[in-house]
Amino acid sequence: MTSDHAAASMASDHAVDIDRHVKVYITVFVALMVLTLVTVAISRLHLSVPIAVTVALLVAIIKGSLVACYFMHLISEKKLIYAVLALTAVFFAALLALPIFTVSDGYWIH
Amino acid sequence: MDIPYTVEVRRDTGLTNGKIGIWLFLASEVMLFGALFASYILIRTGATSWPRGDTILDVPLATFNTIVLISSSVTMVMAWASLMRRRFGTYRIYMGATILLGLVFLVVKYFEYGHHLRMGEFPSTNNFLAIYYTLTGLHMLHVFGGMVVNAYFWGPGAKLWKTNPVWFTNRVEHSGLFWHFVDLVWIFLFPTLYLL
């Protein structure tokens, strides 16, 4: 294969790769829209607060993961980015744990 | 002197400096919003009663804004994909749509805030409204900041495309990462404030 052919082939592969990405973006977009409607629909069921909080956060985590993995390309990032985010997750968890420990004497969401 | 590693990746990290820079910035943003979410949990769990968000706030309007912001995330990533395909005209359309959708979000928020203020519902009225104004206000500032950066890359900043298309594509990717983060924050704010 000549270098011109090799370059043309690489460019073609690259275009196909991006086309595949675009299809994924559209699929994720549809999923996010459906999950948004699911979130609102669940809130209308008037579940008890602990269950409502759990379900709402679960759906939000799924939506957030879709955005982070596909729109922010975290599904195929370098190790250093994962390391930065892992450290952030540890501090974030500690931050959220502070109020939980504070109210661990019997109180919970009213 | 040129800024190093804007186009080519560093051997040790496999990343450009811009990419690692924006992720470190986003890590600090996680802590900023995390502190406010932790405050929200503390205040809510410590309260003897707490109103459901949908009894005070406008859920249909917020649902519309959620759809607007998610759509803007898609147009943002499509703008970047257009540059990767070397289609600058298409990039401009998608980036323009992203900016417009951001503007729609802010206009809806303006009407939402206006309604509450006319009803005499201020941040000082109660803890729920204090949390609502603080979290959504900070989020709105982020939307505005993202719009300013995106508008720069749609307009004057786009000159870089002619001289260094790879660097320009990287810069759009980085501003996109910020924009998606703003979307991500709203995905958690929406159920937390409006539905629970």
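The chains referred to below are lettered A, B, ... by the order of the sequence lines, with proteins before strands, and numbering in each begins at 1.
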Chain A contacts: which residues in residues 166-183 of chain B have a non-hydrogen atom closer than 4.5 Å to it? E173(B), L177(B), H180(B), F181(B), D183(B)
How long is the gap from CG on L42(B) to CG on L96(A), to the nearest 0.5 Å? 11.5 Å
CG (L95(A)) and CZ (F37(B)) are apart, to the nearest 0.5 Å, by 11.5 Å
Going only through I, L, V, M, F, W and Y residues with side-chain contacts under 4.5 Å, is there a path from F144(B) to L69(B)? yes
Toward chain A, the part of M31(B) with a non-hydrogen atom under 4.5 Å: both
Same cluster or not: are Y133(B) and L106(B) linked, directly or through other Ile, Leu, Val, Met, Phe, Trp or Tyr residues, by side-chain heavy atoms under 4.5 angstrom apart? yes
Please flag which part of R86(B) lies under 4.5 Å from any non-hydrogen atom of chain A: side chain, backbone, both or neither. neither
Counting only heavy atoms not in Y110(B) (residues, nucleotides, ligands), do more than 12 fall under 6.0 Å from its OH? no
More than 12 heavy atoms from other groups under 6.0 Å of CH2 on W186(B): yes
Tell me the closest heavy-atom pair linking V22(A) and A81(B), and the distance in Å. CG2-CB, 4.0 Å
Identify the two heavy atoms, one from A68(A) and one from L184(B), that lie closest to each other, and give their separation to 0.1 Å. N-CD1, 4.3 Å
Is the CZ atom of F91(A) crowded by more than 12 outside heavy atoms at less than 6.0 Å? no
Nearest 0.5 Å, what's the OG1-CD1 distance between T36(A) and I70(B)? 3.5 Å
What are the two closest heavy atoms between A56(A) and L196(B), and how far apart are they? CB-CD2, 3.9 Å
Let me know if I62(A) has heavy atoms under 4.5 Å from chain B in its side chain, its backbone, both or neither. neither
Can you tell me which portion of L85(A) sits under 4.5 Å from chain B's heavy atoms? Options are side chain, backbone, both or neither. side chain
Heavy-atom distance under 4.5 Å to chain A: side chain of S39(B), backbone, both or neither? neither
With the 4.5 Å side-chain cut-off for hydrophobic clustering, are V24(A) and V34(A) part of the same group? yes
For atom OH of Y94(B), is the number of surrounding heavy atoms from other residues, nucleotides or ligands below 6.0 Å larger than 12? no
From E29(B) atom CD to T88(A) atom OG1, the distance as rounded to the nearest 0.5 Å: 11.5 Å
With side chain to side chain contact (heavy atoms under 4.5 Å, CB included) as the criterion, how do H21(A) and M84(B) come out once you've worked through the C-alpha distance, each side chain's angles and the decisive distance to 0.1 Å? CA-CA 11 Å; H21(A) 276 283; M84(B) 293 293 283; over 6 Å; no
Is it the side chain or the backbone of I42(A) that comes within 4.5 Å of chain B heavy atoms, both, or neither? neither
Applying a heavy-atom distance below 4.5 Å, give me the residues of residues 3-26 of chain B that approach chain A, sorted by number. T13(B), G14(B), L15(B), K19(B), I20(B), W23(B), L24(B), L26(B)
Locate the shortest heavy-atom distance separating R52(B) from S43(A); write the atom from each residue and the value. NH2-O, 3.1 Å
Hey, could you give me the OH/CE distance between Y25(A) and M76(B), rounded to the nearest 0.5 Å? 11.5 Å
Are Y70(A) and V77(B) close enough that some pair of their side-chain heavy atoms sits under 4.5 Å apart? no
Which is it for K63(A) and T66(B) under the side chain to side chain contact (heavy atoms under 4.5 Å, CB included) test, yes or no, and what are the steps along the way? CA-CA 12 Å; K63(A) 286 169 73 181; T66(B) 305; 4.1 Å; yes
Can you check whether T39(A) reaches Y194(B) side chain to side chain, under 4.5 Å on heavy atoms? no
Would you indicate whether F64(B), at its atom CZ, is surrounded by more than 12 heavy atoms from other residues, nucleotides or ligands within a distance under 6.0 Å? no
What is the distance from atom OG of S73(B) to atom CZ of F29(A), rounded to the nearest 0.5 Å? 10.0 Å
With the 4.5 Å side-chain cut-off for hydrophobic clustering, are L141(B) and V107(B) part of the same group? no
One thing to verify: whether D54(B) and R44(A) come together as a salt bridge, which I'm taking to mean a side-chain N less than 4.0 angstrom from a carboxylate O. no
Determine, using the 4.5 Å side-chain heavy-atom cutoff (strictly less than), whether L32(B) and F92(A) are members of one ILVMFWY cluster. yes
Contact part of L195(B) toward chain A, heavy-atom cut-off under 4.5 Å: side chain, backbone, both or neither? both
